[in-house]
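For reference, the structure is listed below as structure tokens.
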Amino acid sequence: MTTAKQPCPRVIFVRHGQTEWSKSGQHTSRTDIDLTDFGVKQMRNTGKHLIGDVHTNMIKPKSITHVFVSPRLRARHTAELLLESVDPKIRDQIPVVIDEDIREWEYGDYEGLKTAEIIELRKSRGLDKDLAPGDTWNIWRDGCEGGEIHTDVKARLDRFISKIQAIHAKSIEDQVASDVIVIAHGHILRCFCARWVQRELNRNPQLMLDAGGVGVLSYQHHNVNEPAIYLAGAFTVPVEEEGADF
Ligand SMILES: O=C(COP(=O)(O)O)[C@@H](O)[C@H](O)[C@H](O)[C@H](O)COP(=O)(O)O
């Protein structure tokens, strides 16, 4: 731990922009669909506001130490759009890593289905008949047939989080700013936030994230052993006089 006045390392996570299936509510994991035209506009605009050198930009390009991206096209396209307005001399120095550990929860047999359709499918297969009245399929508790259950997701996310925390530990030691950007999907990013603060994934962590949504994780007391969800993370006004440029 250090008391130096470097900004505390952060993870800025972004769910990819709108797709036809995020719009319709179909479960999308391996299906490699692209953003809609609106999704493209959404993420280009988010990039301009989020990343830049004026005080209203939350992320300064030089502080970006890594960008981790899900292998799916909608996430990779979002990454390109977010970084589009960064000076190419800086952008070319930023490691952009495609990482399988942050791919979407594998939905298996439920790929492409809406929640109501999954409930019907399971009923037709004789599943869930012992549930209490009003209770239905719940991905957290029940997982996905032919896909992943919460323990699979937990294992890969814990590995992913260790990679980020090693980058951040080094940046604290070197007393340099470090923003890691993670671009992925609805379920996996909610799981990622839950695991960041050591919550189990066998129940709904009750977090919301729309397509195009942005959130921030960091550490209390500038200490990688104290990961925290940064509730005011997206507020762009500097919180201390030092380093403020207005
Ligand atoms: O497919 C999902 C996320 O993938 P991506 O669009 O690549 O981020 C899921 O999050 C579904 O979009 C979502 O769970 C589904 O629409 C069910 O919604 P709900 O029944 O309201 O939880």
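Note that these values count all heavy atoms, side chains included, but never hydrogens, waters or copies made by symmetry. Remember, it's 1-based here, ligands and their atoms both numbered in the order they're listed.
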**Report entry** Heavy-atom protein neighbour under 4.0 angstrom from atom 16 (O) of ligand 1
**Finding:** yes

[atom] - nearest protein heavy atom and its distance:
{"atom": "atom 12 (O) of ligand 1", "result": "Arg15 NH2, 3.9 Å"}
{"atom": "atom 1 (O) of ligand 1", "result": "Thr28 N, 2.8 Å"}
{"atom": "atom 9 (C) of ligand 1", "result": "Tyr107 OH, 3.2 Å"}
{"atom": "atom 13 (C) of ligand 1", "result": "His27 NE2, 4.1 Å"}
{"atom": "atom 10 (O) of ligand 1", "result": "His187 ND1, 3.5 Å"}

Query - Between His77 and Arg74, a side-chain donor and acceptor under 3.5 Å - result: no

Query raised in the report: Can you check whether Thr19 has an N/O within less than 3.5 Å of an N/O in ligand 1?
Result: no

Query raised in the report: For Ala184 and ligand 1, does the shortest N/O to N/O distance drop below 3.5 Å?
Result: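 In this structure, Ala184 places no N or O atom under 3.5 Å from an N or O of ligand 1.
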
[X] heavy atoms, cut-off 4.0 Å: which ligand 1 atoms fall inside?
{"X": "Gly25", "value": "15 (C), 16 (O)"}
{"X": "His16", "value": "5 (P), 6 (O), 7 (O), 8 (O)"}
{"X": "Arg74", "value": "7 (O)"}
{"X": "Gln26", "value": "1 (O)"}
{"X": "Thr115", "value": "17 (C), 18 (O), 19 (P), 20 (O)"}

Query raised in the report: With respect to atom 4 (O) of ligand 1, which of Met208, Glu104, Glu111, Arg30 exhibits the smallest heavy-atom separation?
Result: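 Heavy atom nearest to atom 4 (O) of ligand 1 belongs to Glu104.
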
Report task. For Ala194 and Leu207, work out which heavy atoms get closest and say how close. Result -> N-CD1, 4.3 Å

Is it true that [X] and [Y] make a salt bridge, defined as a side-chain N closer than 4.0 Å to a carboxylate O?
{"X": "Glu104", "Y": "Arg72", "answer": "no"}
{"X": "Arg195", "Y": "Asp158", "answer": "yes"}
{"X": "Arg156", "Y": "Glu148", "answer": "yes"}
{"X": "Asp109", "Y": "Arg125", "answer": "yes"}
{"X": "Asp87", "Y": "Lys62", "answer": "no"}

Query raised in the report: Measuring from Ile139:CD1 to Ile118:CD1, what's the distance to the nearest 0.5 Å?
Result: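 If we round to the nearest 0.5 Å, Ile139:CD1 and Ile118:CD1 are 7.0 Å apart.
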
Query raised in the report: Roughly how far, to the nearest 0.5 Å, is the NE2 atom of His185 from the CZ atom of Phe13?
Result: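 Reported value, rounded in 0.5 Å steps: 14.0 Å.
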
Requested in this report: Report the part of Trp21 in contact with ligand 1, treating N, CA, C, O as backbone and CB onward as side chain, heavy atoms under 4.0 Å; options are side chain, backbone, both, neither.
Outcome: neither

Report task. Kindly work out whether a path of hydrophobic side-chain contacts (I/L/V/M/F/W/Y, heavy atoms less than 4.5 Å apart) joins Leu82 to Leu73. Result -> no

